[in-house]
Amino acid sequence: MAWDTERTDINVNSQGDVEKWVYSTCNICSIGCGCYIAVNGNRIVGIKGNAKHPVNRGRLGPKGENQWHANNSADRLLTPLLRDSDGVLRPVSWDNAMEVLVTRSRAALHRFGSEGIAIYSTGQGMLEDYYTIAKIGRAGLRSHLLDANTRLCTATTEWCLLQSFGADGTPRVTRTSMSLRR
């Protein structure tokens, strides 16, 4: 582990109290840093690192420390939008949005074949999520056009880990590594 000591990074909205802290992991770069989400009035109002978590020992990167701000953005979309015939985005129901997605996906598959659909997925999924997405994309849709956010988002983290520790995974604490540093 790069850090011998714990430190708790924290970023909480100063406009209200924290009613509860909810255990979680950071969802930004796929490292899986342990954290607690601050909640007030059923809204996210902050985040703090989990000092006991073996990956980050309470530290949060700048993206992770500020990720919660987007949840409270005044322009955050909470309902699907669909372009009308004039090109203007209009709110629609979730059922309507899914119906349009299915209809247009079928049309793309019919017109272009398996290369008419591409899947760009998250970098924050679990192994089972990636497996399911790959099965749907490759076996179900017969598309080879699959990519994940890990290529763009996590690539910076990977490069930093390689430069800092010589490996693209988080370092582990072992009795040997601890004794070597003393």
Side-chain angles (χ1 to χ4, degrees), residues 1-83 88-101 118-134 136-137 146-161 164-165 168-173:
M1 169 76 50
W3 305 290
D4 290 331
T5 60
E6 301 164 349
R7 180 183 84 202
T8 302
D9 293 339
I10 187 168
N11 184 347
V12 178
N13 185 346
S14 62
Q15 307 306 311
D17 295 329
V18 175
E19 289 176 2
K20 63 182 175 179
W21 290 97
V22 178
Y23 176 79
S24 187
T25 55
C26 177
N27 66 346
I28 297 298
C29 74
S30 303
I31 297 264
C33 294
C35 62
Y36 292 95
I37 306 298
V39 179
N40 185 353
N42 215 21
R43 290 182 60 215
I44 296 174
V45 295
I47 187 170
K48 72 177 176 180
N50 177 353
K52 301 297 181 194
H53 197 276
V55 170
N56 61 314
R57 304 213 32 195
R59 289 159 172 81
L60 295 171
K63 287 181 179 180
E65 192 172 323
N66 292 288
Q67 66 180 305
W68 64 274
H69 290 285
N71 289 290
N72 299 318
S73 176
D75 62 350
R76 182 175 181 211
L77 293 178
L78 300 174
T79 189
L81 301 176
L82 190 62
R83 251 179 237 293
V88 178
L89 289 171
R90 306 263 187 226
V92 296
S93 71
W94 286 101
D95 286 341
N96 186 304
M98 290 306 292
E99 190 176 306
V100 170
L101 176 70
I119 296 175
Y120 183 71
S121 66
T122 180
Q124 285 73 37
M126 302 295 234
L127 179 61
E128 295 82 2
D129 301 327
Y130 297 130
Y131 178 82
T132 303
I133 291 167
I136 291 169
L146 283 79
D147 205 347
N149 185 36
T150 50
R151 181 181 303 271
L152 297 175
C153 181
T154 310
T156 55
T157 302
E158 176 187 2
W159 180 251
C160 292
L161 288 168
S164 300
F165 304 109
D168 64 352
T170 54
R172 295 193 224 253
V173 173

Go through the structure and list residues passing side-chain contact (heavy atoms from CB on, under 4.5 Å) with [X], not counting sequence neighbours.
| X | result |
| --- | --- |
| V92 | P80, L82, N96, A97 |
| N71 | I44, W68, R76 |
| L81 | L77, L89, P91 |
| E65 | D9, N11, L60 |

For [X] versus [Y], what's the shortest heavy-atom pair and its separation?
| X | Y | result |
| --- | --- | --- |
| L146 | A134 | CD2-CA, 3.7 Å |
| I133 | S121 | CD1-CB, 3.7 Å |
| N50 | Y23 | ND2-CE1, 3.4 Å |
| C26 | C35 | N-SG, 3.6 Å |

Next item on the list: Check whether any side-chain heavy atom of Y36 lies under 4.5 Å from a side-chain heavy atom of T8, and answer yes or no.
Entry: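 Heavy-atom side-chain distance check fails, nothing below 4.5 Å.
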Item checked: Non-hydrogen side-chain atoms of N40 and V18 separated by less than 4.5 Å ->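 Not in contact.
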Check: Taking only residues two or more places apart in sequence or in another chain, which ones pass salt bridge (charged side-chain N to carboxylate O under 4.0 Å, His left out) with R83?
Finding: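 Salt bridge (charged side-chain N to carboxylate O under 4.0 Å, His left out) list for R83, sorted by chain: empty.
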Check: Can you name the residues that form a salt bridge (charged side-chain N to carboxylate O under 4.0 Å, His left out) with K52, not counting sequence neighbours?
Finding: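 Checked K52 against salt bridge (charged side-chain N to carboxylate O under 4.0 Å, His left out); matches are E6.
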Check: Taking only residues two or more places apart in sequence or in another chain, which ones pass side-chain hydrogen bond (donor to acceptor under 3.5 Å, both in side chains) with S73?
Finding: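 Checked S73 against side-chain hydrogen bond (donor to acceptor under 3.5 Å, both in side chains); matches are D75.
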Notebook entry, point to check: Under the side chain to side chain contact (heavy atoms under 4.5 Å, CB included) criterion, do V12 and W21 qualify, and how do the steps go?
Noted result: CA-CA 11 Å; V12 178; W21 290 97; 3.7 Å; yes
